[in-house]
Novice: 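Could you have a look at this structure, given as structure tokens, before my questions?
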Amino acid sequence: DTGAPFYDTYETADGQYMSVGAIEPQFYARLLQGLGLDPKSLPHQFNREAWPKTAARFTEIFRSKTRAEWTKVFDGTDACVAPVLGLGEAAEHPHNQARQTFAAGVQEAIAAQPGPRFSRTPGKAHTEAPLPGADCETVFAEIGIDAAEFAKLRDAGVLG
């Protein structure tokens, strides 16, 4: 819920974002280390009254580098810090590719694979989506508009 400074997203110098979920003390310690902060310079992690001050400090620090720079800082650490990726970036991320998290679909669309995955019923993303308007005639027939009326509506430009 982004109520705590150690569980939030922060804007970076390039207008991108980093996510932080360093709830447990050992992860929080790694977060502070990556941010270059001495733990003694901050109030205790769970001091709620100090959270606004801590969040402001984290905000200032995260804005000092780009998302790529912060990703490099935290990559391979147990800080629970990761870049916020766009859909295309997420599909190309090595972790998601190794796990086959996304399936390429029709017209280069990206579809998330179903989760959880079960051994007997693994599930599969539906990537054969119809083109917009491809099934209009069928849908209109189901609501009582016959083919002749459908053709009139299409010819009049009412339907795409």
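Each residue takes its place number in the sequence, starting with 1.
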Novice: Would you check if the side chain of Ser19 reaches a backbone N or O of Val84 as a donor-acceptor pair within less than 3.5 Å?
Specialist: no
Novice: I'd like to know if the side chain of Gln33 and the backbone of Pro39 have a donor-acceptor N/O pair within less than 3.5 Å.
Specialist: no
Novice: Run Glu11 and Gln16 through side chain to side chain contact (heavy atoms under 4.5 Å, CB included) and show every step you take.
Specialist: CA-CA 6 Å; Glu11 188 173 1; Gln16 301 292 315; over 6 Å; no
Novice: Can you give me the closest heavy-atom contact between Thr66 and Thr12, atom names plus distance?
Specialist: C-CB, 3.8 Å
Novice: Measuring only between side-chain heavy atoms, which start at C-beta, is Phe27 closer than 4.5 Å to Glu24?
Specialist: yes
Novice: Return the SG to CG distance between Cys80 and Leu31, rounded to the nearest 0.5 Å.
Specialist: 9.0 Å
Novice: Side chains of Pro43 and Thr54, heavy atoms from C-beta outward: is any pair under 4.5 Å?
Specialist: yes
Novice: Quick one, Gln113 and Thr101 - any side-chain contact, counting heavy atoms below 4.5 Å?
Specialist: no
Novice: Are side-chain heavy atoms of Thr71 and Met18 found at a separation under 4.5 Å?
Specialist: yes
Novice: Identify whether the distance between the nearest side-chain nitrogen and carboxylate oxygen of Glu60 and Arg57 falls below 4.0 Å.
Specialist: yes
Novice: Would you say that Leu35 contacts Phe74 through its side chain, given a criterion of any heavy-atom pair below 4.5 Å between the two side chains?
Specialist: yes
Novice: Pick from Asp146, Ile145, Asp135: which one makes a side-chain contact (heavy atoms from CB on, under 4.5 Å) with Phe140?
Specialist: Ile145
Novice: Count the heavy atoms of every other residue, nucleotide or ligand shown that sit under 6.0 Å from CZ of Arg117, and state whether that count exceeds 12.
Specialist: yes
Novice: Hey, are the side chains of Glu92 and Gln97 touching, using non-hydrogen atoms and a 4.5 Å cut-off?
Specialist: yes
Novice: Same cluster or not: are Tyr17 and Leu87 linked, directly or through other Ile, Leu, Val, Met, Phe, Trp or Tyr residues, by side-chain heavy atoms under 4.5 angstrom apart?
Specialist: no
Novice: Measure the shortest side-chain to side-chain distance between His93 and Leu85 over non-hydrogen atoms and say whether it is less than 4.5 angstrom.
Specialist: yes
Novice: So which of Leu37, Val20, Asp8 actually passes side-chain contact (heavy atoms from CB on, under 4.5 Å) with Phe58?
Specialist: Leu37
Novice: Pick out which of Phe6, Tyr7, Phe46 makes a ring pair (Phe, Tyr, Trp, His ring centres under 6.0 Å) with Trp51.
Specialist: Phe6
Novice: Are Arg67 and Glu89 close enough for a salt bridge, meaning some N to O gap below 4.0 Å?
Specialist: yes
Novice: May I ask whether Val73 and Phe62 are part of the same hydrophobic cluster, defined by side-chain heavy atoms of I, L, V, M, F, W, Y residues being less than 4.5 angstrom apart, directly or through others?
Specialist: yes
Novice: So how far is it from Asn47 CG to Lys53 NZ, rounded to the nearest 0.5 Å?
Specialist: 10.0 Å
Novice: Is Leu153 close to Phe150 at the side-chain level, that is, under 4.5 Å between some pair of heavy atoms?
Specialist: no
Novice: Counting distance only, does the side-chain N/O of Trp70 pair as donor-acceptor with the main-chain N or O of Ser64 below 3.5 Å?
Specialist: no
